[in-house]
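Quick note on labels: first sequence line is chain A, next is B, and so on, each numbered from 1. FYI, side chains are in, hydrogens and waters are out, and symmetry mates aren't considered; it's all heavy atoms of this structure. Nothing here was measured: the structure is a model prediction, and the numbers come from that model.
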There are 2 protein chains.
Amino acid sequence: MSTILEVATRAGVSHATVTRYFRKPDLLAPVTYQRVKEAVEELNYVPNATARALFTGQTDIVSLIVPAITSSFFTEMADGAEDKAHELGYTLTLGTTDKDIERERTYLEALISHRVDGIIITPGTDSVEHIELLKRHKIPVVLVDRQIKDTHVDFVGGDSLDAGVLLTRHLIQQGFKDIAFVGGEPGAWSLKERLSGYRQVMQSAGLEERVYLGSYKPECGKKITTNLIQEDQLPEAILAASSRVILGIFNALREYQLRVPEDIALTCVDDVAPASIINPFLTVVEQPAYHIGQMAMQCLVNRIKGSTEPPDTHILPVELIVRRSSIKSERLHIS
Amino acid sequence: MSTILEVATRAGVSHATVTRYFRKPDLLAPVTYQRVKEAVEELNYVPNATARALFTGQTDIVSLIVPAITSSFFTEMADGAEDKAHELGYTLTLGTTDKDIERERTYLEALISHRVDGIIITPGTDSVEHIELLKRHKIPVVLVDRQIKDTHVDFVGGDSLDAGVLLTRHLIQQGFKDIAFVGGEPGAWSLKERLSGYRQVMQSAGLEERVYLGSYKPECGKKITTNLIQEDQLPEAILAASSRVILGIFNALREYQLRVPEDIALTCVDDVAPASIINPFLTVVEQPAYHIGQMAMQCLVNRIKGSTEPPDTHILPVELIVRRSSIKSERLHIS
DNA sequence: TTGTACGCGTTATCAG
DNA sequence: CTGATAACGCGTACAA
């Protein structure tokens with residue numbers, strides 16, 4: 001851990017010259033350059049980014065805060081964000097908030113303290129409080145997956161309204177009438193959109209809506225489904241708010257030995273990435289998660305570099321992928 | 001982004017007093033405390049961790065470098081590491097190296113420059129070079145999943161030898177004789193162990209070994225399997241080196257309309273987390289990934305805090321989970 | 001082309 | 001209990 005001064009001394013120059021060696025090498029005389037170079041190598045000198053940050057006011061660190069890294073959507077999203085961050089020369093920080101919503105606050109404070117250059121966040125609540133906090137500290141923010149109204153910041157996410165529409169329409173086309181919407185964070189933008197897509201289609205088909213909200217967590221899906229089973233209210237088909245919710249639904253169904261799609265049809269928003277390769281089974285609407293991550297990072301960096309464009313809202317198209325879990329005719333073929 | 005000096009001025013005290021307000025509040029007279037408190041709140045002051053780091057030499061940042069965050073093992077591992085880091089008051093940085101091994105170098109240099117307090121890494125190669133680099137800079141390191149011999153650092157990983165043994169033995173018990181080992185990074189410790197577990201069991205059973213290495217990536221599984229199919233050399237059963245490799249294997253099999261387990265039995269190391277809930281299908285050896293992440297982080301922080309114990313090697317037990325993909329009798333039952 | 005001096009925001013020491 | 005002061009390592013005017 002040598003310092004710039006040690007390098008300077010060893011090379012017989014001033015520390016300003018060593019700085020120039022890194023920042024503006026052209027300005028150095030060849031001989032000087034060589035001597036500094038040798039000194040740097042001999043001492044394994046690496047400039048101290050912390051010290052530089054103090055001066056420049058830039059840390060070259062950006063952060064990603066998501067509910068859960070184990071959720072396939074966020075895993076892929078993080079992958080895209082990380083790739084883009086690396087490409088643009090930033091170091092990426094990761095924080096998750098789902099296990100304890102208090103963590104969102106803790107993390108933001110730590111990041112503010114560390115003076116990170118910017119933050120990509122999927123907020124846990126629809127409250128503007130945390131966003132305002134970042135604004136006060138002039139830290140650029142990009143929202144992903146969950147928009148917050150009346151807050152002028154960039155947003156990147158999948159077309160959740162369309163997701164709800166596509167899945168509901170598909171289920172109806174399959175001939176299902178009793179279709180329930182299960183799970184989702186009531187306050188979240190993505191939930192509201194998905195739900196409203198569901199409602200639109202149900203209404204125009206003249207079908208009765210059945211909505212059971214809660215959270216995006218697996219436990220939510222499990223609890224709701226268990227209740228429905230116990231009260232003998234299980235619908236013909238379920239549209240799960242997310243891939244995590246559907247995991248809980250599967251758990252509940254399995255406990256009662258119910259089969260998909262023989263006993264109930266299932267669909268959800270977000271593909272469950274590796275599962276779909278091993279055994280393509282679940283009908284889903286896939287969001288371009290990796291792309292969303294990349295785009296969010298690009299947006300963020302644009303802001304960091306000083307872009308003053310009005311806040312952008314990027315809604316990316318989603319895709320319906322029909323597989324066995326929602327096919328009514330499968331009920332005859334199988335078993 | 002106010003500074004300690006602005007707070008001091010506003011409170012009518014010196015900046016030293018403001019520091020005390022945060023570090024040793026007891027030392028302040030109640031009146032002073034109040035005045036500082038108000039000033040802090042009015043200005044939304046948050047101490048600058050960067051400046052503090054410059055002085056203390058500690059950034060309170062730790063880093064995680066893995067091949068791919070989209071691999072279920074690493075996703076869970078990262079989750080555990082992140083939880084533990086948060087619990088211990090550290091901010092976690094994430095980097096992936098699989099898409100471009102050059103990135104490992106780039107990342108390490110950035111982290112050295114940022115003077116992170118410590119690094120957890122699953123090295124992409126078995127070379128000691130990068131580890132030595134970190135040692136030179138006196139940055140504590142913990143290895144995960146891939147040990148590197150002759151390098152005295154802590155290691156945490158699953159029992160890969162046992163993983164190989166368990167899966168191979170299981171396949172043999174199922175009555176398979178022509179069992180191939182597919183995929184894996186030849187230089188990686190985990191691969192060597194898994195492979196040697198396979199070999200031990202095959203030898204003592206008097207069966208012929210068939211080994212096809214490559215990498216841990218999906219493409220590797222796909223390529224090898226495709227070759228085997230085209231040369232009509234497909235074995236009765238495959239033991240895939242990892243969950244990512246098996247994804248490629250599935251892809252290849254599907255292209256040729258081959259079914260599992262009817263046409264070939266499949267197993268692998270690492271569970272594919274969400275897939276196993278939706279459709280429990282794959283016989284695997286599960287590693288305690290979350291726990292490994294937690295433990296690695298705890299180890300790292302112990303080192304950071306100055307532990308001088310000799311390097312620890314934590315090999316955690318793994319568990320065989322038998323499911324349909326490797327059951328020979330299924331060949332008769334299904335279609 | 002190179003060196004000097006100053007400031008970035010903290011913390012710790014040492015007087016007072 | 002509180003205030004100066006030096007130091008952490010670096011980058012940039014400005015001067016030479």
Side-chain angles (χ1 to χ4, degrees), chain A residues 1-37 39-40 43-61 109-117 137-139, chain B residues 1-37 39-40 43-61 109-117 137-139:
Chain A
M1 289 298 188
S2 34
T3 77
I4 199 172
L5 207 64
E6 294 171 328
V7 176
T9 316
R10 182 167 196 114
V13 298
S14 80
H15 78 277
T17 300
V18 180
T19 283
R20 289 192 195 100
Y21 168 83
F22 286 104
R23 306 285 149 219
K24 319 196 164 165
D26 319 335
L27 295 185
L28 294 193
V31 227
T32 320
Y33 184 89
Q34 259 308 320
R35 279 167 56 191
V36 175
K37 182 174 181 186
V40 165
L43 281 80
N44 292 308
Y45 172 72
V46 178
N48 184 328
T50 296
R52 173 160 59 237
L54 197 54
F55 182 88
T56 62
Q58 294 233 333
T59 53
D60 295 338
I61 298 177
E109 276 164 4
L111 299 181
I112 291 170
S113 175
H114 278 293
R115 304 293 193 264
V116 301
D117 289 347
H137 288 276
K138 303 217 168 59
I139 300 185
Chain B
M1 290 296 188
S2 34
T3 77
I4 200 172
L5 209 64
E6 294 171 326
V7 176
T9 316
R10 180 164 197 116
V13 297
S14 79
H15 71 280
T17 300
V18 180
T19 282
R20 288 192 196 101
Y21 170 82
F22 287 104
R23 304 289 149 217
K24 320 198 164 164
D26 319 337
L27 296 186
L28 293 195
V31 225
T32 319
Y33 183 89
Q34 260 307 319
R35 280 167 54 193
V36 175
K37 182 176 180 185
V40 165
L43 283 84
N44 293 308
Y45 170 73
V46 178
N48 184 328
T50 297
R52 172 160 57 239
L54 192 56
F55 186 89
T56 63
Q58 294 233 332
T59 53
D60 295 337
I61 298 177
E109 276 165 4
L111 299 181
I112 291 170
S113 175
H114 278 292
R115 305 292 194 263
V116 301
D117 289 347
H137 289 277
K138 302 217 167 62
I139 300 185

Rounded interatomic separation in angstrom, taking CG from D26(B) and C1' from dC1(D): 12 Å
Under 3.5 Å: donor-acceptor pair, side chain of S113(A), backbone of E109(A): no
Sugar-phosphate only, base, or nothing, as touched by Y45(A) at under 4.0 Å among non-hydrogen atoms: sugar-phosphate
Nucleotide dG7(C), atom P - distance to CG of N48(B) in whole Å: 18 Å
Side-chain (Q34(A)) to main-chain (V31(A)) donor-acceptor, under 3.5 angstrom: no
Taking every non-hydrogen atom, the tightest pair across P47(B) and R52(B): CB-NH1, 4.2 Å
Sugar-phosphate, base or nothing in reach of F22(A), heavy atoms under 4.0 Å: nothing
Per A16(B) side chain, nearest of listed nucleotides dG9(D), dT2(D), dG3(D): dG3(D)
Main-chain N/O of A53(B) paired with T50(A) side-chain donor or acceptor, under 3.5 Å: no
Value in whole Å for how far the P atom of dA7(D) lies from CD1 of I4(B): 19 Å
Nucleotide dG3(D), atom P - distance to OH of Y21(B) in whole Å: 16 Å
d(CG, L27(A); C1', dG11(D)) in whole Å: 14 Å
Shortest non-hydrogen contact from R10(B) toward A39(B): CG-CB, 4.0 Å
Gap between atoms CD and C1', on Q58(A) and dG9(C) respectively (whole Å): 17 Å
OP1 or OP2 of dT11(C) under 4.0 Å from side-chain N/O of R23(B): yes
Touch class at under 4.0 angstrom, heavy-atom based, for V13(A) against every strand present: sugar-phosphate
Whole-Å gap separating P (dG11(D)) and CG (D60(A)): 11 Å
Sugar-phosphate only, base, or nothing, as touched by A29(A) at under 4.0 Å among non-hydrogen atoms: sugar-phosphate
Under 4.0 angstrom between T3(A) side-chain N/O and dG9(D) OP1 or OP2: no
Below 4.0 Å: OP1/OP2 of dC10(D) and any side-chain N or O of T19(A): no
Phosphate contact (dT11(C) OP1 or OP2) by T56(B) side-chain N/O below 4.0 Å: no
Base dG3(D) to side chain R20(B), donor-acceptor N/O within 3.5 Å cut-off: yes
Base dG11(D) paired with H15(A) side chain (donor-acceptor, <3.5 Å): yes
Residue pair D60(B) / D117(B): nearest heavy atoms and the distance that separates them: N-OD2, 2.8 Å
Along DNA chain D (nearest heavy atom to each residue), the more 5'-positioned of S14(B) and A51(B): S14(B)
Whichever of T17(B) and L54(B) has its nearest DNA chain D nucleotide further upstream toward 5': T17(B)
Separation of atom CZ in F55(B) from atom C1' in dT11(C), rounded to whole Å: 4 Å
